[in-house]
Structure formats: structure tokens, C-alpha cells
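Everything on this sheet refers to the single structure shown next.
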Amino acid sequence: MLDIRLIREQPELVKAGLEKVGADPQMVDQVLAFDEERRRLETEVSEMRARRNAGSKEIGRLKDEAEREARKAEMRLLGDAIAERESRLNQVNAEQQTLMLSLPNLPAPDVPPGKDESENVVVRVVGEPRSFDFTPRPHWEIGAALGILDIERGVKISGSRFYVLKGMGAALQRALITFMLDLHITQHGYTEIYPPYVVKEHCLVGTGQLPKFGENLYRDIEDDFWLIPTAEVPVTNLHRDEILEASALPLRYVSYTPCFRREKMSAGRDVRGIKRGHQFDKVEMVKLCRPEESAAELTTLLDNAEDVARKLQIPYRIVQMCAGDLSFTAAAKYDLEMWSPACGENGGEWLEVSSCSNFHAFQARRANIRYRPEPGARPEYVHTLNGSGLALPRVMIAVLENYQNADGSVTVPEVLRPYLRGLERITP
RNA sequence: GGAGGGGUCGCAUAGUGGUCUAGUGCGCCCGCCUCGAAAGCGGGUAGGUCAAAAGCCUCGCGGGUUCGAAUCCCGCCCCCUCCGCCA
């Protein structure tokens with residue numbers, strides 16, 4: 001959510017920001033219209049309530065019965081008038097709130113302009129794509145041949161976009177998870193969190209998935225339970241409605257969870273292999289910090305994600321999102337993409353394995369997460385950030401495809417061997 | 001899931017229809033006192049709205065009764081105890 005004061009005081013600046021991300025700047029005028037009406041009613045109602053409060057108190061002191069009854073009748077009328085305006089106030093309030101929740105975040109000043117994906121900026125490329133002396137095979141072939149990936153049976157059990165990992169396939173993913181967690185916990189200063197995998201609706205509003213993107217979520221009809229699309233949701237919401245001590249910041253959390261997505265919006269995309277499933281595992285990093293720290297925290301967040309790729313020795317690149325390709329909630333965002341030599345249409349493509357974002361106070365305002373800058377000072381909103389560290393299926397793809405050998409075996413990256421009882425190669 | 005008890009300002013509690021603009025104790029902060037500290041004494045200690053003050057809103061949440069609700073009624077949520085079920 002944007003700061004209503006900013007919208008009030010600098011509407012042109014907000015409009016310009018919305019225009020940059022491709023949103024309709026007219027929404028600012030709508031919000032302001034609601035805001036004006038709301039404030040007018042608010043003032044009116046609170047003035048009337050003050051009169052009623054005083055009048056009611058007066059009745060308690062009156063001795064004369066006739067006088068009491070007269071005042072009661074008067075107050076009853078006032079009460080009806082208050083109720084009428086209150087219901088209008090509630091309505092305007094709700095409308096303004098709905099609109100506020102549908103406004104995307106504004107881009108940070110240093111975000112490059114651009115309309116869409118095509119104008120994203122490749123910041124750096126790290127590592128050399130390996131040259132093969134044979135034609136590299138895509139992961140679904142490698143996995144099937146090794147008996148570690150079974151897409152058919154996944155589909156049999158749960159339908160399209162599900163798969164089964166078996167034997168060393170399951171173990172490899174588990175090794176990656178543990179390796180990533182250990183790295184972030186012991187080297188990068190994160191605290192591990194095991195959160196619920198289902199959350200209440202308000203949590204999803206807090207992190208920005210709702211109300212706009214509900215069609216991509218799974219939910220339980222009977223209870224207010226939603227399957228998490230990312231650990232970002234429960235972990236960011238850990239501190240909802242809290243006022244944190246400044247000395248507690250920054251908070252850095254890392255959490256491994258499964259993630260569930262309907263992928264309704266990307267129907268037909270990436271149907272081959274395990275690149276885009278309804279259920280996938282992810283190690284996620286989440287930070288809460290002071291506003292002035294967030295830019296620097298984004299830099300280290302990205303570096304923490306990159307460290308995984310560096311240690312796995314898989315070529316990757318960093319792409320900065322242009323304004324038009326930012327997500328709804330992000331003020332700034334960098335993607336980490338690993339090289340897949342055989343996944344793409346023409347042999348080889350970059351796979352997004354992490355998005356590292358700074359949300360500024362956008363989520364904090366929605367989830368009401370604040371901190372006290374100084375003892376005794378008024379609470380202010382924190383900044384939140386998050387980034388994958390990393391998403392498992394695509395890292396699995398990158399490992400299988402980059403480390404494949406001519407005989408169909410897959411060499412185990414050195415950093416993973418301690419997690420696989422020293423295994424050096426996955427063979428049939 | 002069933003029965004009973006309970007959710008009040010960081011913690012503990014008081015408050016059962018109108019001086020509650022919620023009292024008290026503890027904790028914390030400031031001051032006095034002291035060489036310093038403890039004790040003692042005095043003061044301050046939720047959030048939101050508003051440029052700010054006044055005012056208004058918030059006593060788990062949402063409705064209702066009433067001139068007036070922390071207080072009465074209804075529904076829901078959560079916690080505790082017991083029972084049932086169960087990794």
C-alpha cells in the first residue's frame with residue numbers, strides 16, 4: 001500500500017511513478033476523491049459523537065424527569081443521524097481501502113525506465129557456460145534415464161504440472177535445501193524459520209498477493225486457509241501488527257517451504273519438465289529493516305543468493321527489472337538466472353531461480369509492521385525485502401544439465417557431496 | 001468435536017450500565033535525594049485519526065439493546081482445564 005499522505009501531498013509524483021510501472025495514474029484522482037469525502041465525513045461524525053457523548057453524560061446528571069426524557073429524545077435523533085453518516089463513512093472508507101490495496105508500488109528512483117521484460121538490464125554475467133563435446137540433454141531426459149525423475153507418475157497422481165523425485169533425485173533436492181539453509185544460516189547471518197504452510201487471508205493481503213492475484217492461489221473452501229505460494233507470506237507476517245525495537249533490526253530470516261501455485265496466469269507456458277509446477281520447494285530469505293538500510297540490504301540479499309550459485313559453480317546472470325517489469329509489490333527487483341544448456345527451445349536458456357526485491361514500506365503498511373526509531377518516538381513502518389535462495393526445481397534443472405556427462409551420469413557438485421554421503425556421481 | 005473457565009494500557013490485576021477522558025501494583029524512563037547506588041519521594045509511561053491541539057476511535061473480533069456499553073444480549077476467534085480423537 002502507498003502512503004496516503006504522499007498521495008495527498010505529492011499526487012503528481014505518485015502519478016509519474018504509476019505511469020512508469022504501467023499503471024493508470026487516474027487512480028490517484030479517484031483515491032483523492034474518496035479521501036476528501038472520507039475526511040469530511042470523519043470530521044462530521046466525530047463532531048456529532050462529541051455532542052452525543054456530552055449530551056448523554058448530561059442526562060445522567062439530570063434530576064428532572066421531563067427534562068431527561070426531552071434530552072433522550074433529542075439524543076435519539078442525533079444518534080440516528082450519526083448512524084446514517086457512519087454507514088456512509090464506512091462505505092467510502094471501504095471503497096478507498098479497496099482502491100488503495102489495488103495500487104501497485106512505486107519504483108525506486110534508480111530503477112531503469114522501460115515498458116516490459118525486453119527492457120530489463122543485464123547487470124552482470126558470472127561464470128562461463130560449459131562447452132560440451134556431446135549434445136547436452138534436457139533434464140527430463142537425464143532424470144528419466146537415471147530413474148530419479150518421474151513426471152508420468154506425478155501426473156497420474158495429481159495431474160499436469162506435478163512430478164515425482166525418486167532415489168538420488170529426491171536426495172539431491174534435499175541436499176540442495178540443506179546446503180542452502182546451512183550457507184545462509186552460518187555464513188550470511190539468517191535465522192531459520194519453520195512456518196505454517198497454510199495462512200489466513202489477511203496474511204496474503206499483507207504481502208500483496210491479495211486482493212489482486214487470488215486466481216493464482218489454492219485455498220480451502222471450508223476454512224479460511226490458503227496454501228502459501230511462497231514462504232515470504234508466513235515469514236513476513238510473523239511480525240504483523242507489531243512494533244519492533246530499533247535494536248532488533250535488521251531481522252534476517254531464512255525458511256525452506258513447499259510452495260503452491262495454480263499457475264492459471266501462465267497456462268501453457270513452460271509445460272515441459274519441472275520448470276513450472278503447481279508444487280515446488282524453495283528456500284526463501286526475508287528481511288525487515290530500517291528504511292535507510294533497505295537499499296544496502298538488497299545488495300547483500302542478492303549477494304547471498306548469488307553465493308549459492310557461485311558455490312555450486314553454475315553460470316548465472318543478474319538482471320535488473322525495468323520499471324514496467326516490476327512486480328506489483330516491488331520498488332526494486334533483481335533476478336538471478338542460472339544457465340540451462342538444454343532447456344530452451346534452441347538449446348539453452350536462462351532460468352529464473354531467484355527474485356530479490358525491496359518492497360520499501362509497501363508490505364509493512366499492509367501488514368502493519370512498525371518499529372520505534374528512538375525510545376519514546378512514534379512508530380514508523382519498516383522496510384521489507386525478500387529473495388529466493390534459491391528455488392529448487394530450476395536449480396535441480398541447472399545441476400542436472402550443467403553437470404551431465406556423455407555416459408548419462410551426473411557429477412555431484414562438490415559442495416553437495418557432504419550432504420550425499422560423499423557421492424561423486426549419480427548413475428543409473 | 002463436547003463441557004467449564006477466561007481474553008482490560010509491556011506484565012499482573014480492578015472495574016457488572018453514566019465522574020472510566022479505564023484505577024492500582026510491577027516493570028521501564030526522567031527528576032529529587034546520594035560520593036555512587038539501593039530505598040524513599042515526585043512525575044511520566046498504548047496505538048490510530050488530525051498539520052497540531054481539542055475532539056473522536058480502539059477494553060479479543062463483529063453485530064445488537066440503550067440517550068449512554070469494558071460492563072447487558074447474540075455470533076465468531078483465541079487461550080486454559082477436563083473429556084473425546086490422534087501423528
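Everything quoted here is computed from the prediction, not taken from an experiment. A, B, ... follow the sequence lines: proteins, then strands. Residue 1 opens every chain.
In terms of position on RNA chain B, the residue among A:Arg370 and A:Ile4 whose nearest nucleotide sits closer to the 5' end is A:Arg370. Of the two residues contacting RNA chain B, namely A:Ala73 and A:Tyr381, the nearest-nucleotide position lying further toward the 5' end is that of A:Tyr381.
With a cut-off of 3.5 Å on both pairing distances, B:C85 has no Watson-Crick or G-U wobble partner at all. Base pairing of B:A54 is not made with any nucleotide, judged by Watson-Crick or G-U wobble geometry with both donor-acceptor distances under 3.5 Å. Using N1 to N3 plus N6-O4 or O6-N4 for Watson-Crick, or N1-O2 and O6-N3 for G-U wobble, each under 3.5 Å, B:U21 pairs with nothing. Remark: B:G42 base-pairs with B:C30; criterion is Watson-Crick or G-U wobble with both hydrogen-bond distances under 3.5 Å. Partner assigned to B:A70 is none, using Watson-Crick or G-U wobble distances below 3.5 angstrom. Pair check for B:C35 finds none; no Watson-Crick or G-U wobble contact set falls under 3.5 Å. In this structure, B:G75 forms a base pair with B:C61, meeting either the Watson-Crick or the G-U wobble geometry with both donor-acceptor distances under 3.5 Å.
Minimum atom distance to the side chain of A:Ser56 is reached by B:C67, of the listed B:C67, B:G47, B:C56. Out of B:U21, B:G47, B:U49, the shortest distance to the side chain of A:Ile243 is found at B:G47. With B:G18, B:G68, B:U21 as the choices, the nucleotide that has an atom nearest any side-chain atom of A:Arg52 turns out to be B:G68. Among the nucleotides B:G47, B:C56, B:U21, the one closest to the side chain of A:Ala50 is B:C56. Closest approach to the A:Glu42 side chain among B:U49, B:G48, B:C67 is made by B:U49 (side chain taken as heavy atoms from C-beta onward). Proximity note for A:Ile59 (side chain, C-beta onward) versus B:G55, B:G18, B:U21: the nearest is B:G18. Nearest nucleotide to the side chain of A:Arg372, out of B:G55, B:G47, B:G18: B:G47. In this structure, the nucleotide among B:A52, B:C56, B:C67 sitting nearest to the side chain of A:Asn53 is B:C56.
A salt bridge is absent between A:Arg40 and A:Glu36; no separation between the charged side-chain nitrogens and carboxylate oxygens falls under 4.0 Å. Ion pair A:Arg49/A:Glu86 flagged as a salt bridge, since at least one NZ, NE, NH1 or NH2 atom sits closer than 4.0 Å to an Asp/Glu carboxylate oxygen. Salt bridge annotation for A:Lys115-A:Asp325: absent, with no cationic side-chain nitrogen under 4.0 angstrom from a carboxylate oxygen.
In this structure, A:Lys57 reaches the B:U21 phosphate: one of its side-chain N or O atoms is under 4.0 Å from OP1 or OP2. In terms of phosphate contacts, A:Arg8 brings a side-chain nitrogen or oxygen within less than 4.0 Å of OP1 or OP2 of B:C50. Applying the 4.0 Å criterion to OP1 and OP2 of B:C50, one finds that A:Arg5 has a side-chain N or O inside that range. OP1 and OP2 of B:C56 both lie 4.0 Å or more from every side-chain N or O belonging to A:Arg49.
Computed from coordinates, the A:Glu69 CD to B:C67 P distance equals 9 Å when rounded to whole Å. Distance CZ (A:Arg39) to C1' (B:A51): 10 Å, rounded to an integer number of Å. The CG-C1' distance, from A:Asn368 to B:U58, rounds to 13 Å in whole Å. Atom-to-atom, CZ of A:Arg68 to P of B:G18 comes out at 12 Å; the value is rounded to the nearest Å. In this structure, the CZ atom of A:Arg40 is 17 Å from the C1' atom of B:C56, given to the nearest Å. One atom, CG of A:Leu78, and another, P of B:G68, lie 9 Å apart when rounded to the nearest Å. The CD atom of A:Glu201 sits 16 Å away from the P atom of B:G62 (whole-angstrom rounding). Note: CD (A:Glu245) to P (B:U45) measures 18 Å, nearest angstrom.
In the model, A:Thr384 has a side-chain atom that pairs as donor or acceptor with a side-chain atom of A:Gln363 under 3.5 Å. Residues A:Thr300 and A:Lys287 have side chains that bring a donor and an acceptor to within less than 3.5 angstrom of each other. Side-chain contact annotation: A:His239 with A:Tyr253, donor-acceptor N/O pair under 3.5 Å present.
For the C1' atoms, the distance linking B:U45 with B:G68 amounts to 30 Å, nearest Å. Rounded to whole Å, the C1' atom of B:A12 lies 24 Å from the corresponding atom of B:C61. Between the P atoms of B:G6 and B:A14, the separation comes to 11 Å (whole Å). B:G2 sits 38 Å from B:A46 when the C1' atoms are compared, rounded to a whole Å. Taking atom P on both B:C74 and B:A3, the two are 15 Å apart, rounded to the nearest angstrom. Comparing B:G17 with B:U66, their C1' atoms are spaced 9 Å from each other, to the whole Å. Nucleotides B:U16 and B:U71 have their P atoms positioned 12 Å apart, rounded to a whole Å. The C1' atoms of B:C78 and B:C30 are separated by 38 Å, rounded to the nearest whole Å.
When heavy atoms are screened at a 4.0 angstrom cut-off, A:Arg76 is found touching the sugar-phosphate backbone but no base atom. Counting non-hydrogen atoms under 4.0 angstrom, A:Arg51 reaches nothing in the nucleic acid.
Ring geometry for A:Tyr190 against A:His188 counts as perpendicular: the plane angle is over 60°, on a 0 to 90° scale with 30° as the lower cut.
The two atoms that bring A:Leu390 and A:Val353 nearest to each other are CB-O, 3.6 Å, heavy atoms only.
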